[in-house]
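So the structure is just underneath, and the comments pick up after that.
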Amino acid sequence: MTKRLDYNQIAPAGVKALGGVYGYVMQSGLPAALVELVYLRISQINNCAYCLDMHTRDLLKKGEKIEKLALVQAWREAGTIFDPRERAALAWAETVTRVAETNVPDDAYQAARAAFDERELVDLTIAISLMNAYNRMAISFRNTPQAALSKIST
């Protein structure tokens, strides 16, 4: 995979604007680990290797256990590894990310509202929207994952 272009160099003001939204999300009061889990799940859905690599590394640095990260994709079957708010956030992230397929049904909204107050749900949806934008940038322009830049011995 060859990088197509460096959007950070070509449109720094646009990338800075996305960074401003990221800063907003991180100060929103939502737990950082919850947001990172959501970012990881969205990146799995979108098959964004760059973001999968980055968010896995970030979660490991924050102390998340590898066993939990390995089960993010199958969180519904993971028992109590994910707490109720994490489960609600992951479900909301999935339906919002797949909006063209799901149309974000009322039952999904009601489940998310049961776990998050209005402000938290808006902030979570902003985070979901942001990660979908970042995924689309990284995939479209072929950002190279850190893991692919370093020699991995087998």
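This one's a predicted model, so the numbers in the text were calculated from it and none came from an experiment. Any value given below was found using the heavy atoms of this structure, including those in side chains, with hydrogens, waters and symmetry copies removed.
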Problem set entry | Rounded distance (nearest 0.5 Å) linking atom CG of L40 with atom CG of L90 | 9.0 Å
Exercise. Mind checking what makes side chain to side chain contact (heavy atoms under 4.5 Å, CB included) contact with P84, not counting sequence neighbours?
Worked result: none
Exercise. Under the 4.5 Å side-chain heavy-atom rule for ILVMFWY, direct or indirect, which residues accompany Y50?
Worked result: M54
For this session: Would you kindly say whether R113 and Q110 are connected by a side-chain donor-acceptor distance under 3.5 Å?
Result: no
Seminar exercise, completed: dist N8:CG -> L5:CG (nearest 0.5 Å) comes out at 10.0 Å
Problem set entry | Pairwise ring-ring contact (aromatic ring centres under 6.0 Å, His included) hits with a residue in residues 23-45, at least two apart | Y39-H55
Using a 3.5 Å cut-off and no angle test, enumerate the donor-acceptor pairs between side-chain atoms of residues 65-74 and protein atoms at least two apart in sequence or in another chain.
| from | atom 1 | to | atom 2 | distance (Å) |
| --- | --- | --- | --- | --- |
| K68 | NZ | E86 | OE1 | 3.0 |
| K68 | NZ | E86 | OE2 | 2.8 |

Exercise. Is there a path of hydrophobic side-chain contacts, each under 4.5 Å between heavy atoms of I, L, V, M, F, W or Y residues, that connects V96 with L121?
Worked result: yes
Seminar exercise, completed: Residues at least two apart in sequence or cross-chain that pass side chain to side chain contact (heavy atoms under 4.5 Å, CB included) with S28, listed by chain then number, are L30, D123
Exercise. Taking everything shown except Q27 itself, do over 12 heavy atoms lie less than 6.0 Å from its CD?
Worked result: yes
Problem set entry | S140: partners by side chain to side chain contact (heavy atoms under 4.5 Å, CB included), with sequence neighbours left out | none
Exercise. Does a sphere of radius 6.0 Å around CG in D106 hold more than 12 heavy atoms from other residues, nucleotides or ligands, not counting ones at 6.0 Å or beyond?
Worked result: no
For this session: Hey, could you give me each pair passing salt bridge (Lys or Arg N to Asp or Glu O under 4.0 Å) that has a residue in residues 12-37? Not counting sequence neighbours.
Result: E36-K62
Exercise. Taking the side chain from N46 and the backbone from C48, do they hold a donor-acceptor pair closer than 3.5 Å?
Worked result: no
Problem set entry | Pairs where residues 65-115 contributes a residue and the test ring-ring contact (aromatic ring centres under 6.0 Å, His included) is met, not counting sequence neighbours | none
For this session: Begin with the C-alpha distance, continue with both residues' side-chain angles, and end with the deciding distance and a verdict on salt bridge (Lys or Arg N to Asp or Glu O under 4.0 Å) for R85 and E120.
Result: CA-CA 11 Å; R85 279 176 54 96; E120 290 173 327; 3.3 Å; yes
Exercise. Does L52 share a hydrophobic cluster with I139, counting links as ILVMFWY side-chain heavy atoms below 4.5 Å and allowing steps through other members?
Worked result: no
Problem set entry | For R136, all residues meeting salt bridge (charged side-chain N to carboxylate O under 4.0 Å, His left out), sequence neighbours excluded | none
For this session: May I have all residue pairs that pass ring-ring contact (aromatic ring centres under 6.0 Å, His included) and include part of residues 121-143, sequence neighbours excluded?
Result: Y7-F141
For this session: For R98, look at atom CZ and say whether over 12 heavy atoms of other residues, nucleotides or ligands are found less than 6.0 Å away.
Result: yes
Exercise. For the side chain to side chain contact (heavy atoms under 4.5 Å, CB included) test, which of I128, I45, T102, I42 pairs with E94?
Worked result: I45
Exercise. More than 12 non-hydrogen atoms from neighbouring residues, nucleotides or ligands closer than 6.0 Å to CG on D117, yes or no?
Worked result: yes
Exercise. Got a sec, which residues hit side chain to side chain contact (heavy atoms under 4.5 Å, CB included) with A89, two or more places apart in sequence or on another chain?
Worked result: L34, V38, F116, L124
Seminar exercise, completed: All heavy atoms of R87 vs all of G79, minimum pair found to be NH1-O, 3.5 Å
Exercise. Applying the 4.5 Å side-chain criterion to the ILVMFWY set and letting contacts propagate, would M137 and Y22 be lumped into a single cluster?
Worked result: no
For this session: Please examine the side chains of R57 and D53, heavy atoms only from C-beta on, and report whether any two atoms are closer than 4.5 Å.
Result: yes
For this session: Output all residues satisfying side-chain hydrogen bond (donor to acceptor under 3.5 Å, both in side chains) with T97, sequence neighbours left out; order by chain, then residue number.
Result: N132
